[in-house]
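What follows is a set of notes on a single structure, which appears directly below.
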Amino acid sequence: TVSASASNVRQVKLDRESELRIEVPNDTSLRLRLLTGTAEIFGTELPPEIWLNFPPRLKFAVFTWYGATVEMDGTTELDYTADETPMVSYVNVHAILEGRRNRAKASSSNDSDSSQGPRVIVVGPTDSGKSTLSRMLLSWAAKQGWKPTFVDLDIGQGSITIPGCIAATPIELPIDPVEGVPLDMPLVYFFGHATPSNNVDLYKVLVKELARMLERQFSGNAESRAAGMVINTMGWIEGIGYELLLHAIDTFNANVVLVLGQEKLWSMLRDVLKNKPNIDVVKLQKSGGVVSRNAKVRQKSRSCRIKEYFYGLVNDLSPHSNIANFNDLAVYRIGGGPQAPRSALPIGAEPVADPTRLVPVSINQDLLHVVLAVSFAKEPDEIISSNVAGFIYITDVDIQRKKITYLAPSAGELPSKYLIVGSLTWLET
Ligand code: ATP
């Protein structure tokens, strides 16, 4: 039963292995609670009887393995129950990963291969449910006491931090259905653009840096090594997008490739990876519940992510407005611009854009409404290989007084004077 717009409190009874799919309207939130039975949202169990508040625009499903009754309070954009889902195949994948984690944990040898848990990479076209499947696999693993690492390579619609970044974070508890991935201490690298085509080489460099850093962390941590990782990727799977997938599989030494919703991609990856030992390429069905998002919706959700970074999910954070002198900050752009002036090149050579060249950027009005990353670098030449501490948002540039006003999550001095600018902007509304 599809109801385009239903209001007030009502109960929905779910049969075993079915789900209630819900789209929260753009302007109101929705309350929901579990009344009887057991149910989960993308792998995380619902607490009995406690009302949960789902913010505007959220799209999710309440799935039950054995049957449940849920109660909703408020309007939905859309809600319906579905009894055909790919959940059994997803949980079967989880069971296989679980076996591998146990084997890795039990391996007494220091052999890095046998003590390494599964490194799962989830690939597929846009809107195939990659983020959602990643989330379920992580939450199911966390429920059983593992601390798998979530790696998000999706710079457009990532779920760890703001857009334009690749990031990783350990998942120690099932992911909260409302709050999402916990933001305690993610390892974040700033690419600065919402699509990799702006600078494909830089994207690869950052993926390598992230992988190198995680490899180092794993080598000293048998627990997270055995738990393994789940890597979410972008929906760009053609041409360079496909090349970037292969690059990610290779760079992270992925040993399980889960292909969602596209036969062709699955068969291409299976063929190209068949000579590599120990990589399983598994085809999985896309859920009928995945909601397609057009360019406008994606842009909107990127803005929301940035807003959420500064103001919290429900306006529960208050960012600080700070003022700095131009001289206290050093802004850089990575890539673009010719590598060397023509005069410095051998005769006949054409200047080429060096994708990883660090270009100093002078502070002026162009930085108004721009989101900048604050690097952990101590020196400019460390900027590309450094992760970032967080982000600031420029709200005023006073050329005369040489002062810049910016929003930051907290007051006080920035952890570094080195800032990175990309093409990420935001208009506060
Ligand atoms: P992208 O390529 O843009 O990163 P994706 O393949 O990662 O997309 P998801 O983000 O997992 O796709 O899913 C798209 C949207 O559909 C999300 O809002 C998600 O919450 C929603 N969704 C996924 N599965 C279901 C479901 N079974 N019922 C309802 N909504 C769902």
Side-chain angles (χ1 to χ4, degrees), residues 2 12 14 17-26 30 32 39-44 54-65 70 72 76-91 120-139 150-161 163-167 175-181 194-196 230-238 241-242 244-245 248 258-262 265 284-302 304-305 308:
V2 176
V12 180
L14 290 170
E17 289 177 27
S18 69
E19 67 185 21
L20 172 61
R21 295 172 179 163
I22 297 173
E23 295 185 25
V24 185
N26 288 339
L30 175 79
L32 180 146
E40 57 184 51
I41 294 178
F42 300 152
T44 301
F54 294 87
R57 275 181 296 276
L58 204 70
K59 295 158 182 62
F60 65 100
V62 181
F63 177 85
T64 178
W65 291 106
V70 295
M72 283 190 281
T76 66
E77 185 71 34
L78 176 76
D79 66 82
Y80 65 99
T81 54
D83 56 9
E84 259 177 57
T85 77
M87 291 296 276
V88 170
S89 62
Y90 294 177
V91 87
V120 184
I121 186 165
V122 183
V123 306
T126 46
D127 302 322
S128 55
K130 298 178 295 299
S131 316
T132 305
L133 176 60
S134 302
R135 195 167 167 150
M136 287 180 207
L137 295 174
L138 290 160
S139 289
F150 178 32
V151 178
D152 203 336
L153 303 181
D154 188 353
I155 50 180
Q157 308 283 320
S159 30
I160 298 183
T161 184
C165 298
I166 60 169
I175 297 168
D176 187 289
V178 177
E179 301 283 330
V181 177
T195 149
V230 177
I231 306 164
N232 180 38
T233 60
M234 295 177 285
W236 187 20
I237 56 168
E238 310 276 335
Y242 177 68
L244 290 177
L245 284 183
L258 301 179
V259 188
L260 269 176
Q262 214 205 59
L265 180 63
L284 287 171
Q285 202 194 323
K286 164 185 166 171
S287 166
V290 178
V291 182
S292 304
R293 295 162 293 177
N294 60 27
K296 204 174 145 220
V297 174
R298 286 168 184 274
Q299 174 55 45
K300 174 77 187 162
S301 95
R302 282 197 284 273
C304 287
R305 293 291 294 178
E308 190 186 328

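Start at 1 and go down the list; that is how both ligands and their atoms are numbered. In this text the structure is predicted, and so the values were computed from the model without any measurement. Count residues from 1 along the sequence. Just so it is clear, the values below take in all heavy atoms, side chains as well, and ignore hydrogens, waters and symmetry mates.
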Say whether Phe42 and ligand 1 are in contact under the criterion: heavy-atom distance to a ligand atom below 4.0 Å.
yes
Can you give me the closest heavy-atom contact between Thr233 and Lys130, atom names plus distance?
O-CE, 3.3 Å
For Thr126, counting its heavy atoms only, list the atoms of ligand 1 lying under 4.0 Å from any of them.
2 (O)
Just need the protein heavy atom nearest to atom 29 (C) of ligand 1, so name the residue and atom and give the distance.
Gly289 O, 3.3 Å
Just to be sure I'm reading this right: ignoring hydrogens, which of Gly129, Gly158, Ser159, Gly235 gets closest to atom 12 (O) of ligand 1? Compare them by their nearest heavy atoms.
Gly129
Not counting sequence neighbours, which residues clear ring pair (Phe, Tyr, Trp, His ring centres under 6.0 Å) with Phe54? List them please.
Phe60
Is the shortest N/O to N/O distance between Lys59 and ligand 1 below 3.5 Å?
yes
Proximal atoms of ligand 1 relative to Asp154 (non-hydrogen, under 4.0 Å)
4 (O)
Residue-ligand contact Arg293/ligand 1, heavy atom below 4.0 Å
yes
How far is atom 15 (C) of ligand 1 from the closest protein heavy atom, and which atom is that?
Val291 O, 3.6 Å
Which atoms of ligand 1 are found less than 4.0 Å from any heavy atom of Arg298?
3 (O)
Would Gln157 count as a polar contact of ligand 1, with the cut-off being nitrogen or oxygen pairs under 3.5 Å?
no
Do the side chains of Ile175 and Leu138 get nearer than 4.5 Å, heavy atoms only?
yes
Please report which non-hydrogen protein atom sits nearest to atom 7 (O) of ligand 1, along with the residue it belongs to and the distance in Å to one decimal place.
Ser131 OG, 2.6 Å
Separation between CG (Leu244) and CG (Leu153), nearest 0.5 Å, reads 9.5 Å
Any idea which heavy atoms bring Met87 and Phe63 closest together, and the distance?
CG-CE1, 3.4 Å
Looking only at protein heavy atoms, what sits closest to atom 2 (O) of ligand 1 is Lys130 NZ, 2.7 Å
Can Thr44 and Ser139 be counted as having a side-chain donor-acceptor contact under 3.5 angstrom?
yes
Glu19 CD to Glu40 CD distance, which is reported to the nearest 0.5 Å
10.0 Å
Answer with yes or no whether Met234 contacts ligand 1, where contact means a heavy atom under 4.0 Å from a ligand atom.
no
Give me the nearest non-hydrogen protein atom to atom 9 (P) of ligand 1 as residue plus atom name, then the distance to 0.1 Å.
Thr132 OG1, 3.6 Å
For ligand 1, which atoms, with element, lie under 4.0 Å from some heavy atom of Ser287?
27 (N)
Which residue, Leu32, Ile22, Val24, forms the side chain to side chain contact (heavy atoms under 4.5 Å, CB included) with Thr76?
Ile22
Partner of Ser159 under side-chain hydrogen bond (donor to acceptor under 3.5 Å, both in side chains), picked from Asp154, Asn232, Asp152, is Asp152
Among all the protein's non-hydrogen atoms, which is closest to atom 27 (N) of ligand 1, and how far away is it?
Glu19 OE2, 2.8 Å
Which of the numbered atoms in ligand 1 are below 4.0 angstrom from a heavy atom of Ser128?
6 (O)
Is there any N or O on Ile22 that sits under 3.5 Å from an N or O of ligand 1?
no
Give, for atom OG1 of Thr126 and atom CD of Gln157, the distance between the pair rounded to the nearest 0.5 Å.
10.0 Å
Rounded to the nearest 0.5 Å, what separation is found between the CG atom of Asn294 and the NZ atom of Lys300?
13.0 Å
